[in-house]
Chemist: 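This structure is in structure tokens; I'll ask about it shortly.
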Amino acid sequence: MEHIRLPKVENVKLLDRISHRRRRVGTLYLTATHTIFVESEAGVRNETWVLHSLVCSVDKLAATPSGCPLLIHCKNFQVLHFIISKEQECHDIHLSLQRLSHYDELYCFSYKPNVDEKERRQEWDFLDLKADYSRMGLPSSLWKLSPVNQHYKVSDTYPADLFVPESATPPVIVGSSKFRSRGRFPALSCAQGESHTAAICRSSQPLSGFSARCLEDEQMLEAILRSNPCSDFMYVVDTRPKLNAIANRAAGKGYENEDNYSNIKFQFVGIENIHVMRNSQQKMLEVCELRSPSMSDFLEGLESSGWLKHIKAVLDAGIFIAKAVAEEGVSVLIHCSDGWDRTSQVCSVACVLLDPYYRTLRGFMVLIEKDWVSFGHKFSHRCKHVVGDPKEVSPIIDQLLECVWQLMEQFPCAFEFNERFLITIHNHFYSCQFGNFIGNNQRERIELRVHERTHSLWSYLWANRTDYTNPLYRPNHSQTQGLLRASTSPYSFKFWKGLYNRFDHGMHPRQSVEDYLRAIQEETQQLEEQLSSHTQVGQGYADLPQA
Amino acid sequence: MEFAEHIKTANVEDVVLRQPLQPPSRGTLCITGHHLLFSDREESDSRQVLLLLRNIDAIEKSVENLTGYSGFFSNASHSERMSGSSGTITMKCKDLRVLQLDIPGMEQCLNIAHSIETLSCLDCVSAMYPFFYRPVDLSLPEQWGLSSPEMHYSQMKELYEKWRLSTVNRDYSVCPSYPPAVIVPKSIDDDTLKKAAKFRQGGRFPVLCYYHKKNGMVIMRSSQPLLGANRKRCKEDELLLQAVIEGSDKGYIIDTRSMQQAQQARMTGGGFESKSFYDRWKRFHRQMERGKALQESLIKLVEACGDESNNMDRWLSKLENSKWLSHVQNALSTAGLLVECVERDGHSVLVHGSEGTDCSLLISTLAQLIMDPCCRTMEGFLGLLEREWIQARHPFQQRCAHSAYSHARLQQESPVFLLLLDCVWQLWRQFPLALGFSEALLLRLATEVYASDYGTFLCNSDQERCALEVKERTHCLFRALLRPTERDYYSNPLYERTELAIWPSVHPQSLQLWKGYFLRWTQQVRHLEEAQEEIRNMVIEWGKLARS
């Protein structure tokens with residue numbers, strides 16, 4: 001590779017981020033895809049592999065008597081602090097890494113695991129969103145699949161297949177889309193099946209300005225309302241702070257005027273925008289990087305980053321919607337500005353709270369595929385897969401994972417998957433190893449021929465699902481049933497060291513309850529099998545404990 | 001002691017009880033000398049709440065007169081005043097529970113409130129409930145407590161060569177707060193001990209509290225030396241410490257005060273071991289909060305947990321401001337230093353602060369848990385608590401008179417023992433398989449230390465316990481906890497003994513608020529308890545199959 005000016009440096013020190021007294025000495029290798037550090041201490045062959053596409057920044061610090069420090073920050077929150085003895089070598093590595101991490105081609109297009117083409121194609125069949133809609137009982141007498149966005153003609157950031165109210169005609173949909181940012185008209189995100197007719201819909205903001213109206217848009221909302229015969233009104237939830245929404249009116253955008261739409265209740269929920277979230281996470285990560293902070297330093301830093309406040313805002317919004325649907329039986333339309341950041345967050349959180357299915361391994365994958373991948377969350381921009389406007393980068397998807405993690409901490413038996421599952425997904429949002437999150441929307445992925453050229457994360461995760469299963473999950477446990485009644489009292493939120501201090505092993509519990517339980521679970525299963533094979537059929541089963 | 005004089009109204013009908021996590025219930029309230037008893041009216045599913053009055057930390061009462069008269073000072077006749085009046089008593093307990101009673105009749109309400117106020121903080125120890133607690137299934141024990149210094153010494157054969165059991169304190173005259181027998185270097189005779197005791201605050205001369213079998217190093221415990229402003233010295237004290245490190249090049253002293261505090265202590269007759277007289281001892285100063293500051297920290301934290309403003313910034317700022325987690329961090333890291341000296345560096349250590357009855361016990365207990373697998377079983381842990389906190393004397397009566405809600409003026413209250421339990425909980429979080437007991441045991445101890453049926457945490461010292469015949473007339477909590485049913489309940493189903501030291505991480509990210517205690521009465525903690533039950537069931541299920 002022409003980018004690699006120096007493939008190998010010996011006698012490099014890797015400092016421990018927590019205690020700089022601990023350091024490892026070894027050899028640093030650069031390959032086309034990875035930076036590899038191999039510890040050279042006798043006996044141990046400890047290797048650290050870092051994917052170039054996960055590298056966020058490479059900084060060369062001022063040389064010290066012991067050598068020249070090179071600091072690598074990764075998008076999965078790994079921080080590597082190398083000390084290279086010769087300045088020139090450090091310079092070469094620095095330049096090489098800068099080029100290698102600003103790749104011309106995304107890693108997924110060159111990632112070739114040992115899988116034949118037939119299997120590779122099957123990987124992409126693993127998740128089928130249509131199957132999820134039919135799980136919800138769709139299409140139904142109330143909701144229909146609309147062909148209006150085939151070839152992405154109405155909204156180029158929306159998926160081709162969308163569910164809309166039965167009574168919404170194509171002219172109404174198209175009319176409504178012209179009155180919405182980026183043509184993102186109100187469409188179904190999640191319906192609760194036969195017994196509950198309340199549904200969650202999503203869109204972008206209306207182009208209402210100070211006084212504009214759109215008859216079709218009003219009819220569209222009316223149609224959503226009519227698709228819930230159990231209720232005579234619906235909520236429209238604007239996830240932005242009111243001030244931001246008002247400011248948007250000056251630009252000809254804004255929010256629904258309750259007077260113009262019949263029977264809507266309008267509500268702001270006050271989640272901040274992508275720029276606030278980016279800065280907040282940055283501040284929080286700085287706190288994580290403090291070397292031996294006092295408890296006060298840490299708590300003050302955490303507070304001033306505002307991060308947990310934002311997580312709470314997202315969860316609060318999700319709870320509002322879940323309760324509206326489950327307890328009041330009222331449908332909800334959610335939007336923010338473009339309807340691909342906060343809207344996705346809030347839809348997903350509400351779904352996780354509402355429907356136990358989304359708390360299973362497969363269900364959670366479906367959820368991300370539906371609310372994020374399909375509805376056009378701009379992964380490419382938000383996760384900085386390619387070099388672009390730094391103001392487009394924002395940890396919106398991180399916040400979804402964290403909301404789910406906070407819920408898992410509150411309800412240890414309610415989720416089929418574990419923390420490792422979330423962390424692995426997080427890693428691959430950024431790694432570009434799989435094709436799932438490439439591009440900004442469905443149309444771009446089709447142009448990139450992602451399904452023909454790359455592998456799918458979902459089938460990889462499914463194949464390794466034993467690693468990602470929560471041993472405490474029991475489908476019939478009371479915690480697992482129905483609506484999750486989560487608390488959003490401030491004390492319910494914790495700092496997620498598992499993600500943000502993921503690579504600081506010294507901070508984590510030294511023994512794992514989960515591993516222990518998984519081991520005894522396996523053994524229990526084996527024993528049960530042995531026992532039942534010994535027991536005579538037809539007699540022994542009644543005595544067996546319920547699994 | 002006549003309790004009756006404090007009880008003007010013993011029974012009230014038609015009282016509504018509101019308690020956390022349960023719907024309000026209506027029933028009969030009854031006040032006795034030691035208890036508040038509430039029984040539900042429902043015949044079918046009768047529920048009772050029995051609350052030790054001692055558990056009540058503070059009460060708030062409000063009365064209103066529904067007939068429109070302005071209560072007390074109206075001219076209306078007695079009967080007129082009472083009709084339609086009612087009152088509410090809010091009881092804030094030392095286990096952090098908040099209960100509310102709606103009582104019909106203003107006078108009854110005031111009577112009940114008065115009884116609770118008086119009976120919940122009686123000073124007379126011998127009138128306390130442990131002296132009256134006589135469960136049918138339990139006779140008063142032949143042996144009170146799990147062990148004694150004598151038994152402990154006799155079991156530790158490793159000690160025989162260089163250490164002896166001294167009964168110099170058999171009549172508590174040398175040190176009123178020490179037990180009658182203590183372990184000291186063999187080469188030091190009782191006369192030397194007596195003289196050394198005069199040089200230590202409260203007579204707490206250096207005694208052995210832990211022997212590390214792996215390398216023969218020890219942890220000693222004492223109070224501060226009484227140097228005073230003119231730098232007195234005491235040959236006997238120096239000899240005693242010299243004997244501790246016989247055969248080794250040096251020892252360490254961990255002083256739980258800052259250098260400045262230790263120097264200031266000289267002005268009031270105390271001080272620290274100076275380099276010139278104790279030249280083979282190296283001192284570390286680690287300032288640990290104690291006394292009033294620690295009590296205030298607890299009060300602030302409990303207040304923060306009860307804040308209902310639902311504001312994240314406010315919560316984090318209050319949590320930080322309470323400093324409780326800083327104290328947890330500090331205690332664990334000082335204990336870590338102690339372990340580092342003994343286990344890694346291979347030297348003996350003397351621990352003290354000023355009195356040697358609070359922080360010294362805290363860190364020596366934690367260090368033993370970290371180093372010694374024998375202290376991590378349930379018996380081992382309770383035995384450790386008995387040695388360090390009961391026999392070597394933490395003044396429980398003074399420290400735990402009140403908890404976080406009390407409006408009474410603070411005197412000697414300080415939640416040092418609660419801080420210990422919190423630190424042990426943090427250890428359990430980080431090493432969930434290494435301790436033989438569960439969070440439930442820590443919670444039980446945290447409750448019992450403030451209000452108990454048992455005599456274990458009564459009094460301030462062994463001497464006081466003997467004077468009041470605590471060991472003859474009360475039941476011992478530690479023994480009760482080791483009965484088979486209780487032991488099952490409090491054991492850790494995941495326990496796997498490890499011989500290694502369990503070094504805790506003290507990074508702020510690694511330490512957490514102990515929700516099980518501080519948010520014990522919220523729904524959220526129920527979910528976590530359910531998870532613990534689930535774990536226990538899984539292990540039981542597996543155990544059954546593995547045996548079959």
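Letters go in sequence order (proteins before strands), and every chain restarts at 1. A quick note: this is a predicted structure, and the numbers were derived from the prediction, not measured.
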Chemist: Between D307(B), L316(B), D313(B), which shows the greatest number of heavy-atom pairs under 4.5 Å with chain A?
Modeler: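 Of D307(B), L316(B), D313(B), D313(B) has the most heavy-atom pairs under 4.5 Å with chain A.
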Chemist: Measure distances from V539(B) to the heavy atoms of chain A and classify the residue's part below 4.5 Å as side chain, backbone, both or neither.
Modeler: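 For V539(B), the contact with chain A is made by backbone and side chain together.
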Chemist: Can you tell which part of Q525(A) gets under 4.5 Å to a heavy atom of chain B, answering side chain, backbone, both or neither?
Modeler: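 Contact with chain B is absent: no heavy atom of Q525(A) under 4.5 Å.
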Chemist: Could you tell me which portion of Q523(B) (side chain, backbone, both or neither) has an atom closer than 4.5 angstrom to a non-hydrogen atom of chain A?
Modeler: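 Q523(B) has no heavy atom closer than 4.5 Å to chain A.
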Chemist: Given heavy-atom pairs under 4.5 angstrom as the criterion, report whether the side chain, backbone, both or neither of I535(B) touches chain A.
Modeler: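 The answer is both parts of I535(B).
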Chemist: Kindly indicate whether the side chain of E528(A), heavy atoms from C-beta on, has any atom under 4.5 Å from the side chain of L545(B).
Modeler: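 Contact flag for E528(A)/L545(B) side chains = yes.
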Chemist: Give the intermediate values and the outcome of side-chain contact (heavy atoms from CB on, under 4.5 Å) for residues E409(A) and K515(B).
Modeler: CA-CA 12 Å; E409(A) 288 291 295; K515(B) 284 191 186 165; over 6 Å; no
Chemist: Under the side chain to side chain contact (heavy atoms under 4.5 Å, CB included) rule, collect the residues that match up with S317(B), sequence neighbours excluded.
Modeler: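 Scan of S317(B) (side chain to side chain contact (heavy atoms under 4.5 Å, CB included), adjacent residues dropped) gives E303(A).
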Chemist: Heavy atoms only, distances under 4.5 angstrom: which of I520(A), L299(A), L527(A) has the most pairs with chain B? Name it, please.
Modeler: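 The candidate making the most pairs under 4.5 Å is I520(A).
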Chemist: How about T524(A) and M538(B): do any of their side-chain heavy atoms sit closer than 4.5 Å?
Modeler: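 They are not in side-chain contact.
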Chemist: Could you tell me the separation between the CG atom of L528(B) and the SG atom of C413(A), rounded to the nearest 0.5 Å?
Modeler: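 That separation rounds to 9.5 Å.
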Chemist: In terms of heavy-atom proximity below 4.5 Å to chain A, should L325(B) be classed as side chain, backbone, both, or neither?
Modeler: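 For L325(B), the contact with chain A is made by backbone and side chain together.
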Chemist: If you measure from OG on S322(B) to CE on M295(A), what distance do you get to the nearest 0.5 Å?
Modeler: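 One finds 10.0 Å between OG of S322(B) and CE of M295(A).
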Chemist: Using the rule given for side-chain contact (heavy atoms from CB on, under 4.5 Å), can you reason through Y500(A) versus Q509(B), listing the C-alpha separation, both sets of side-chain angles and the distance that settles it, and then say yes or no?
Modeler: CA-CA 10 Å; Y500(A) 305 114; Q509(B) 288 97 317; over 6 Å; no
Chemist: Taking every non-hydrogen pair under 4.5 Å, which of P490(A), S487(A), S478(A) racks up the most with chain B?
Modeler: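 Between P490(A), S487(A), S478(A), the count favours P490(A).
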Chemist: Could you check whether any side-chain N or O of Q511(A) sits under 3.5 Å from a backbone N or O of A434(B), counting only pairs where one atom can act as donor and the other as acceptor?
Modeler: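 Yes, the answer is positive, given that a donor and an acceptor are paired below the 3.5 Å cut-off.
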Chemist: Using non-hydrogen atoms and a 4.5 Å limit, figure out which bit of N311(B) sits close to chain A: side chain, backbone, both or neither.
Modeler: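 Answer is backbone: N, CA, C or O of N311(B) sit under 4.5 Å from chain A.
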Chemist: If you look at every heavy atom in Q329(B) and P293(A), which pair is closest and at what distance?
Modeler: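 Smallest interatomic distance, heavy atoms only, reads NE2-O, 3.8 Å.
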Chemist: Check whether T522(B) gets within reach of chain A through its side chain, its backbone, both or neither, counting any heavy atom under 4.5 Å.
Modeler: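 Side chain of T522(B) only, per the 4.5 Å heavy-atom cut-off to chain A.
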Chemist: Quick check on the interface: out of F431(B), W503(B), F518(B), who has the most heavy-atom pairs with chain A under 4.5 Å?
Modeler: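 Top option by heavy-atom pairs under 4.5 Å: F431(B).
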Chemist: For K323(B) and S296(A), does a side-chain donor sit closer than 3.5 Å to a side-chain acceptor?
Modeler: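 On atom types as modelled, these side chains qualify, holding a pair under 3.5 Å.
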Chemist: Can you tell me if Q479(A) uses its side chain to pair, donor with acceptor, with the backbone of H527(B) under 3.5 Å?
Modeler: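 A pair under 3.5 Å: yes.
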Chemist: What distance do H507(B) atom NE2 and D504(A) atom CG have between them, rounded to the nearest 0.5 Å?
Modeler: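 CG of D504(A) is found 8.0 Å from NE2 of H507(B).
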Chemist: Given the options L319(B), L519(B), L513(B), which has more heavy-atom pairs under 4.5 Å with chain A than any of the others?
Modeler: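 Between L319(B), L519(B), L513(B), the count favours L519(B).
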Chemist: Verify the neighbour count for atom CD of E327(A): are there more than 12 heavy atoms of other residues, nucleotides or ligands below 6.0 Å?
Modeler: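 Yes, the 6.0 Å shell around CD holds more than 12 heavy atoms from other groups.
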Chemist: May I ask you to check whether over 12 heavy atoms, not counting those of K214(B), lie within 6.0 Å of atom NZ?
Modeler: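 More than 12 within 6.0 Å, yes.
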Chemist: Hey, does S294(A) have a side-chain heavy atom less than 4.5 Å from the side chain of S326(B)?
Modeler: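 No, side chains not in contact.
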Chemist: Counting neighbours of CZ on F503(A) that are heavy atoms of other residues, nucleotides or ligands and sit closer than 6.0 Å, is the number greater than 12?
Modeler: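 Correct, the count exceeds 12.
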Chemist: Measuring heavy-atom distances to chain B, does K497(A) have an atom under 4.5 Å in its side chain, in its backbone, in both, or in neither?
Modeler: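 Looking at K497(A), just its side chain touches chain B.
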Chemist: With a 4.5 angstrom heavy-atom cut-off, could you sort out which part of A304(B) is near chain A: side chain, backbone, both or neither?
Modeler: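 Contact with chain A is absent: no heavy atom of A304(B) under 4.5 Å.
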Chemist: Based on non-hydrogen pairs under 4.5 Å, which of G543(B), A546(B), S510(B), C305(B) is most in contact with chain A?
Modeler: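 Highest number of heavy-atom pairs under 4.5 Å: S510(B).
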Chemist: Let me know if S304(A) has heavy atoms under 4.5 Å from chain B in its side chain, its backbone, both or neither.
Modeler: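 For S304(A), there is no contact with chain B at all, as no heavy atom is under 4.5 Å.
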Chemist: State the CZ-OG distance between R510(A) and S505(B), to the nearest 0.5 angstrom.
Modeler: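 R510(A) CZ to S505(B) OG: 5.5 Å, rounded to 0.5 Å.
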Chemist: Between CD of E530(B) and CZ of F411(A), what distance do you get to the nearest 0.5 Å?
Modeler: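 Rounded to the nearest 0.5 Å, the CD-CZ separation comes to 9.5 Å.
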Chemist: Hey, could you give me the CG/CD distance between L472(A) and E533(B), rounded to the nearest 0.5 Å?
Modeler: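 One gets 12.0 Å once the value is rounded to the nearest 0.5 Å.
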Chemist: Would you mind checking which part of E308(B) comes under 4.5 Å of any heavy atom in chain A, side chain (CB onward), backbone (N, CA, C, O), both or neither?
Modeler: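 No part of E308(B) comes within 4.5 Å of chain A.
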Chemist: Below 30° counts as parallel, above 60° as perpendicular, anything between as tilted: where do the rings of Y491(A) and W315(B) land?
Modeler: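 Perpendicular: the ring planes of Y491(A) and W315(B) meet at over 60°.
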